[in-house]
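What you are looking at is a predicted structure, and each value in this text was computed from that prediction instead of being measured. Residue indices begin at 1 and follow the sequence shown.
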Amino acid sequence: MSTAARVTPAHLAWRDGVPFSEDYGDVYASRDGALGQARHVFLGGNDLPARWRGRTQFVVLETGFGLGINFLATWAAWRADAQRPPRLHMVSVERHPLAAQAVREAAPPELAPLAHQLAAQWPLPLPGLHRLVFEGGAVELTLALGDAAVLVPQLALGADAIYLDGFSPARNPDMWAAPLLKAVARLARPGATLATWSTARPVREALAAGGFELDLRPGFASKREMLTGRFAPRYTVRRHEPPAAYAGPRHAVVIGAGLAGCSTALALARRGWEVDLIERGSRVAAGASGLPAGLLHPQVAADDSRLARLTRAGFVASLQQLQRLDGAAELARVEGIFQQAVSAQEAAAWQSALDALGLPPAYAQVISAHAAAAHVGLVPRRPGLWFPQGAVVAAGPWCAAMLRAAGPAVRLHAGTTVTRVVREGGWRVERAQGAPFNAPVVVHASALAGPQLASLTQAPVRAVRGRLSLLAADNLAGLKAAIAGDGYAMRAPGTAATPMIGASYELPLPEGGADAGPDDDLVHAGNVARLSRLLAAPPPVRRVGVFDQVRAVAPDRLPLAGALADEAAAQAARGSLRGAHLADLPRLPGAYALFALGSRGLVLAPLLAQLVVAQMEGEPWPIERDLAASVDPARFLLQRLRR
């Protein structure tokens with residue numbers, strides 16, 4: 001596991017009223033005032049707010065979040081500008097984040113109200129990207145926590161303005177290293193500007209080599225000069241251009257109204273899109289997303305694998321969305337989840353992973369079976385991971401709540417079967433009865449039907465049946481929090497709090513389909529056996545019902561999320577694509593996928609819907625490039641082309 005992933009909270013001191021970093025032996029901002037420096041150097045140096053006027057979106061990239069004054073000052077300037085863009089994005093990298101209280105205390109009085117809003121959403125110090133949303137979604141801050149040298153090359157965004165604000169090159173040379181500044185330049189949109197208080201020669205040389213035309217301007221207060229620049233390379237300095245802002249009609253058709261489709265529809269509605277949401281079933285969440293209850297928790301891996309990182313980001317995103325929806329108490333029981341280890345060795349490996357990454361106990365901690373009993377209410381067999389923010393979520397009501405939050409911008413068409421999707425200018429979505437839907441954008445979120453409707457031959461998805469045993473109301477009376485491991489036991493959210501155990505993982509399906517599989521009694525016996533492997537003294541239970549659905553799963557058990565490849569064009573050019581990367585593959589304009597979430601819909605659907613919509617809009621992506629590559633719908637096509 002790379003130590004670059006570790007996030008260490010900042011050690012802040014105050015010297016003569018000035019915030020000082022004990023980690024780097026340097027002040028956080030000019031002794032003449034952090035707000036004055038933010039306005040003069042970073043806003044003024046990028047000619048803001050004038051440069052963002054007339055834009056549909058504006059993206060700022062910052063190296064070194066520090067006290068957050070630059071973000072707060074930019075946000076305040078956006079609020080005060082009647083000609084502001086509808087959406088402001090700021091992406092800021094920080095390896096040593098302050099505590100929420102320090103963010104509040106360091107803010108100048110005139111920015112205090114905004115600082116309190118920022119502190120209220122302040123994330124745990126977890127490696128990766130954290131999306132914070134303000135002004136009803138009009139202002140978004142993406143905090144990239146970790147080593148800038150590792151994270152900046154992994155960012156996917158098109159920057160309109162750049163703030164270079166690390167500690168002094170003498171104190172923290174890594175933040176001004178040529179490879180990092182080259183990675184910053186790759187993210188600059190044509191005509192992007194930058195500003196920094198540093199005028200060091202190596203910094204100027206690296207920026208000039210990256211394609212910036214540079215200028216020296218009067219500095220702030222006692223500093224004689226500052227550096228500004230404009231991205232205008234004289235020759236090609238990068239293979240691919242960064243994302244550009246979407247400029248077409250904001251109308252999309254989303255096929256499938258489960259967790260994937262509803263999450264996508266909500267994300268689009270919040271950006272001013274009109275959405276036709278098509279569902280084959282008679283209601284929202286008619287398929288596997290109708291799960292009466294499921295577990296929301298991340299994965300922890302000794303090597304901090306891509307799955308661990310992806311579920312870490314997804315866990316946070318799902319909790320954030322649930323907290324913003326009306327009736328959250330009926331949607332989720334946020335009472336913690338205990339994940340039992342299969343052995344003492346696995347528990348030790350989990351502890352090593354938590355220690356190596358410095359993950360806080362508020363996120364996850366390894367506890368003994370005795371300690372777990374106090375949380376769970378029943379005694380597990382072995383030690384394991386305790387997730388204090390883990391939740392039991394009712395997926396169907398969550399889908400319905402998302403559509404209520406989306407409002408009239410989303411038109412649900414239940415009981416509608418899509419027969420064909422045809423590229424015709426934009427996209428024509430034909431249905432069994434009635435006129436077709438036409439839109440410039442289509443999102444395939446229809447699980448097993450996704451590859452067929454999207455005409456994909458290189459997107460293998462298989463069916464996995466799962467059955468959950470619903471128990472009598474008085475069963476598992478002592479269960480206070482959910483327990484997982486080899487199976488799981490939980491109580492549903494809401495007043496009914498139905499207990500349940502499960503779940504089967506039936507693969508492959510028999511030739512006769514789900515109806516030809518083992519009967520419910522046999523599957524329930526398997527679920528009871530799972531309960532006996534979870535608890536030291538499992539109580540007797542009585543089944544009163546079954547939830548039975550089929551999940552869609554890819555061979556690598558990761559979803560398909562993102563822009564669809566143009567398979568025909570790729571096959572025609574296969575000779576030149578044998579050494580290609582995902583970014584080299586041709587894509588179908590306006591066509592996206594979000595399906596094959598398998599059993600991870602609760603933890604991944606909102607996050608990956610944000611990814612799909614970010615790709616659509618040309619916004620900063622909510623996850624790193626390598627994580628997006630792991631769920632890219634074209635990954636199987638790329639494997640075939642390389643062979």
Side-chain angles (χ1 to χ4, degrees), residues 246 248-290 321 395-396 398-423 426-432 434-456 459 461 552 559-564 588-597 601 604-617 619 631 633:
Y246 177 77
R250 282 178 158 74
H251 174 211
V253 174
V254 178
I255 305 172
L259 281 167
C262 291
S263 296
T264 304
L266 176 58
L268 287 168
R270 285 177 168 167
R271 288 161 175 79
W273 286 65
E274 291 188 357
V275 180
D276 285 298
L277 179 61
I278 305 175
E279 170 55 45
R280 181 176 58 185
S282 60
R283 55 180 172 78
V284 169
S289 292
Q321 191 198 88
W398 187 7
C399 290
M402 285 190 272
L403 294 193
R404 288 195 299 271
V410 176
R411 298 179 289 267
L412 174 65
H413 306 274
T416 300
T417 300
V418 174
T419 57
R420 194 167 65 136
V421 179
V422 182
R423 184 178 175 186
W427 293 96
R428 187 175 78 247
V429 180
E430 299 177 354
R431 51 180 168 168
F437 300 91
N438 294 281
V441 170
V442 62
V443 181
H444 295 273
S446 53
L448 289 167
Q452 178 184 358
L453 291 176
S455 300
L456 299 176
V461 173
L560 278 71
L564 289 181
L588 290 171
Y592 300 86
L594 179 50
F595 56 79
L597 275 70
L604 292 181
L607 174 71
L608 296 183
Q610 290 178 23
L611 173 65
V612 168
V613 174
Q615 292 180 358
M616 211 179 286
E617 284 272 18
E619 296 178 352
V631 298

For this session: Sequence neighbours left out, what passes side chain to side chain contact (heavy atoms under 4.5 Å, CB included) with A432? Give chain and number order.
Result: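 Checked A432 against side chain to side chain contact (heavy atoms under 4.5 Å, CB included); matches are T417, T419.
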
Problem set entry | With P589 via side chain to side chain contact (heavy atoms under 4.5 Å, CB included) - residues at least two apart |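 Side chain to side chain contact (heavy atoms under 4.5 Å, CB included) list for P589, sorted by chain: R423.
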
Exercise. Is any side-chain heavy atom of M616 less than 4.5 Å from a side-chain heavy atom of L268?
Worked result: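 SC-SC contact between M616 and L268 confirmed.
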
For this session: Check whether any side-chain heavy atom of V631 lies under 4.5 Å from a side-chain heavy atom of L611, and answer yes or no.
Result: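 In contact.
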
For this session: Any pair with a residue in residues 606-617 that passes salt bridge (charged side-chain N to carboxylate O under 4.0 Å, His left out), sequence neighbours left out, goes on the list, sorted by first then second residue, please.
Result: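 Qualifying pairs: R250-E617.
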
Minimum heavy-atom distance [X]-[Y], with the two atoms named:
X: S282; Y: A414; value: O-CB, 3.7 Å
X: G281; Y: A286; value: CA-CB, 3.8 Å
X: P451; Y: A459; value: CG-O, 3.6 Å
X: P440; Y: Y246; value: CG-OH, 4.0 Å
X: A596; Y: V461; value: CB-CG2, 4.1 Å
X: S289; Y: C399; value: CB-SG, 4.3 Å

For this session: Tell me, please, which residues at least two apart from Q452 pass side chain to side chain donor-acceptor pair (under 3.5 Å).
Result: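 Once residues adjacent in sequence are excluded, Q452 has no partner under the side chain to side chain donor-acceptor pair (under 3.5 Å) criterion.
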
Problem set entry | Under the side chain to side chain donor-acceptor pair (under 3.5 Å) test, residues paired with R271 that sit two or more places apart |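 Scan of R271 (side chain to side chain donor-acceptor pair (under 3.5 Å), adjacent residues dropped) gives E619.
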
Please round to the nearest 0.5 Å and tell me the distance separating atom [atom1] of [X] and atom [atom2] of [Y].
X: W273; Y: H251; atom1: CH2; atom2: NE2; value: 9.5 Å
X: T416; Y: E279; atom1: OG1; atom2: CD; value: 9.0 Å
X: F595; Y: L456; atom1: CZ; atom2: CG; value: 5.5 Å

Exercise. Stepwise, does the side-chain contact (heavy atoms from CB on, under 4.5 Å) test hold for V418 with S446?
Worked result: CA-CA 10 Å; V418 174; S446 53; over 6 Å; no

Problem set entry | All salt bridge (charged side-chain N to carboxylate O under 4.0 Å, His left out) counterparts of R420, not counting sequence neighbours |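 For R420, the residues satisfying salt bridge (charged side-chain N to carboxylate O under 4.0 Å, His left out) (neighbours in sequence not counted) are E430.
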
When the side chains of residues 253-262 are checked against the rest of the protein, which donor-acceptor pairs come out under 3.5 Å, sequence neighbours left out?
none

Please set out all donor-acceptor pairs under 3.5 angstrom arising from side-chain atoms of residues 401-412, sequence neighbours excluded.
unit_1: R411; atom_1: NE; unit_2: D276; atom_2: OD1; d: 3.0
unit_1: R411; atom_1: NH2; unit_2: D276; atom_2: OD2; d: 3.2

For this session: Show your working on side-chain contact (heavy atoms from CB on, under 4.5 Å) between R270 and V613 and close with a plain yes or no.
Result: CA-CA 11 Å; R270 285 177 168 167; V613 174; over 6 Å; no

